[in-house]
Amino acid sequence: MTYFAGLYALQHAVKAGYSAMVKIITTVRELKAALEDGRMAGKTVGLVPTMGALHEGHASLVRRSVAENDITVVSDFVNPTQFNDKNDLKNYPRTMEADCRLLDSVGAQYVFAPSVEEMYPEPDTRQFDFTPLDKVMEGPNRPGHFNGVAQIVSKLFYAVEPDRAYFGEKDFQQLAIIREMVRQLGLKVEIVGCPIVREEDGMALSSRNTLLSKAERKLAANISHTLFESRIYARRHTLASTRQYVIDTINSFDGLEVEYYEIVDGNTLQPVSHWDESSYIVGCVTVHCGKVRLIDNIKYKE
């Protein structure tokens, strides 16, 4: 469903008797005006940046923002500058009506759902350097991705001026890079990382899960199962052996293919060689399940 089709469907849902408390805003100017009175009254603002296709993982972020702030804004925008694959951008799920229903149920006050033209009235030519955070894992595999993330997240921060912004730890590398972006730009926003929300079988919730067939969805659960098992394996094996165990185990399932699995320092994102090399060690994986690219991570030490 396209952005405009989603808004059209929501309007018809409202006419049919669905009473939405959450307010949809589509321009930066309107958003700033809506938040002005609250700011004048000293109210705090929380922001949950999303690309829509919301699920319980997003809902957990919104609930936390609602609990910790007076006003919660959720952005619902599929950002084109962070996609290096046009087909990935085209196929990304868009579910505006369902998103608004979910946000209404968890207490968000505003949905910021701008058009591409609103966020990019002219090309954003800014180039960020997050060395060494963006030179590993997703960085080499998705050229320009994190620069696009920084472009849109900084634009959202300038538009909303939140006191706190909430991000899921499933996108572990992205979270580290956003923290670095805030430091570089000198922004006065607290970045709150929130734990991964998983389904009953352990699979990390993701908007991309909706692109999996029933058989692929069942198969994909082996990714998280392997990560969990690797924590037990790691107690008696070297870091290098544990890394290879994860790669070999996931690849042993027909239909799953590991793009990378790196065991890194949780702060620097740089690969570590030994378990005693850091007090914060995280394993980050990207796996292709059919045509769908899935990510997950597991903490070995924290």
Side-chain angles (χ1 to χ4, degrees), residues 1-79 93-119 149 152-168 171 175 178 182 187-195 197 205 207:
M1 181 179 289
T2 65
Y3 165 78
F4 290 108
L7 289 182
Y8 182 77
L10 183 63
Q11 290 170 352
H12 277 260
V14 171
K15 290 180 181 178
Y18 167 56
S19 177
M21 298 298 292
V22 65
K23 182 176 181 181
I24 301 170
I25 294 176
T26 60
T27 69
V28 173
R29 183 175 182 178
E30 184 185 2
L31 179 63
K32 287 184 174 294
L35 297 175
E36 185 177 2
D37 288 344
R39 294 192 188 287
M40 294 292 289
K43 293 184 177 181
T44 56
V45 177
L47 170 66
V48 181
T50 83
M51 292 205 300
L54 305 184
H55 49 66
E56 181 56 33
H58 297 106
S60 70
L61 303 183
V62 178
R63 290 191 191 97
R64 182 161 177 181
S65 177
V66 169
E68 297 179 353
N69 302 279
D70 300 306
I71 300 170
T72 291
V73 179
V74 179
S75 64
D76 193 317
F77 177 70
V78 181
N79 175 45
R94 292 163 172 83
T95 57
M96 178 64 71
E97 180 183 349
D99 293 348
C100 289
R101 289 180 183 274
L102 184 149
L103 294 175
D104 191 23
S105 73
V106 293
Q109 285 93 340
Y110 299 104
V111 179
F112 181 45
S115 64
V116 173
E117 292 73 21
E118 177 66 19
M119 296 310 294
V149 169
I152 189 58
V153 173
S154 61
K155 280 176 173 284
L156 291 171
F157 285 173
Y158 292 137
V160 179
E161 298 180 63
D163 296 280
R164 302 178 185 90
Y166 298 80
F167 297 86
D171 295 290
L175 178 58
I178 288 171
V182 166
L187 300 176
K188 295 181 179 180
V189 54
E190 177 187 352
I191 303 302
V192 182
C194 301
V197 177
L205 285 173
S207 301

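We're numbering straight along the sequence, starting at 1.
- Atoms CD1 and CZ, on I191 and F157 in that order, are 4.0 Å from each other to the nearest 0.5 Å.
- For the pair T26 (side chain) and P114 (backbone), a donor-acceptor distance under 3.5 Å is absent.
- Closest approach of S207 and A53 over heavy atoms only: OG-O, 2.8 Å.
- At a threshold of 4.5 Å between non-hydrogen side-chain atoms, the residues C194 and R64 count as touching.
- Judged purely by atom type and a 3.5 angstrom limit, T44 uses its side chain to pair as donor or acceptor with the backbone of D70.
- Of the inter-residue distances, the one linking M21 atom CE with L103 atom CG reads 14.0 Å to the nearest 0.5 angstrom.
- Taking both residues in full, the closest heavy atoms of A113 and M96 are given as CB-CE, 3.5 Å, listed atom of the first, atom of the second, then distance.
- The closest side-chain heavy-atom distance from V74 to D76 is not below 4.5 Å.
- Residues V66 and V106 approach most closely at CG2-O, 3.6 Å, considering heavy atoms.
- The shortest side-chain heavy-atom distance between L187 and Y158 falls under the 4.5 Å cut-off.
- Put simply, the side chain of T72 does not reach to within 4.5 Å of the side chain of Y166, judged on heavy atoms.
- Under the side-chain contact (heavy atoms from CB on, under 4.5 Å) test applied with V73, the options V48, I25, V45 reduce to a single match, V45.
- When all heavy atoms of L156 and P49 are compared, the pair lying nearest together is CD1-CB, 4.0 Å.
- Scanning both residues, I71 and G38, for their nearest heavy atoms gives CD1-CA, 4.1 Å.
- For the atom pair CD of E161 and NZ of K188, the computed distance is 11.0 Å after rounding to the nearest 0.5 Å.
- Just one of V153, L47, V192 meets the side-chain contact (heavy atoms from CB on, under 4.5 Å) condition when paired with F167; it is V153.
- A distance of 8.0 Å separates OG in S75 from CE in M119, rounded to the nearest 0.5 Å.
- For the atom pair CZ of F112 and CD of E118, the computed distance is 6.0 Å after rounding to the nearest 0.5 Å.
- Using a 4.0 Å cut-off between charged side-chain N and carboxylate O, E97 and R101 make a salt bridge.
- The nearest pair of heavy atoms linking V111 to C100 is CG2-SG, 4.4 Å.
- Residues Y110 and L35 form a side-chain contact, since some pair of their non-hydrogen atoms from C-beta on lies under 4.5 Å apart.
- The closest side-chain heavy-atom distance from K23 to E30 is below 4.5 Å.
- Atoms CD and CG, from Q109 and D104 in turn, are 10.5 Å apart once rounded to the nearest 0.5 Å.
- Pairs passing the salt bridge (charged side-chain N to carboxylate O under 4.0 Å, His left out) check and including a residue from residues 49-61, sequence neighbours excluded, read E56-R63.
- Within the structure, ring-ring contact (aromatic ring centres under 6.0 Å, His included) pairs that include any residue of residues 27-58 comprise H55-H58 (at least two apart or interchain).
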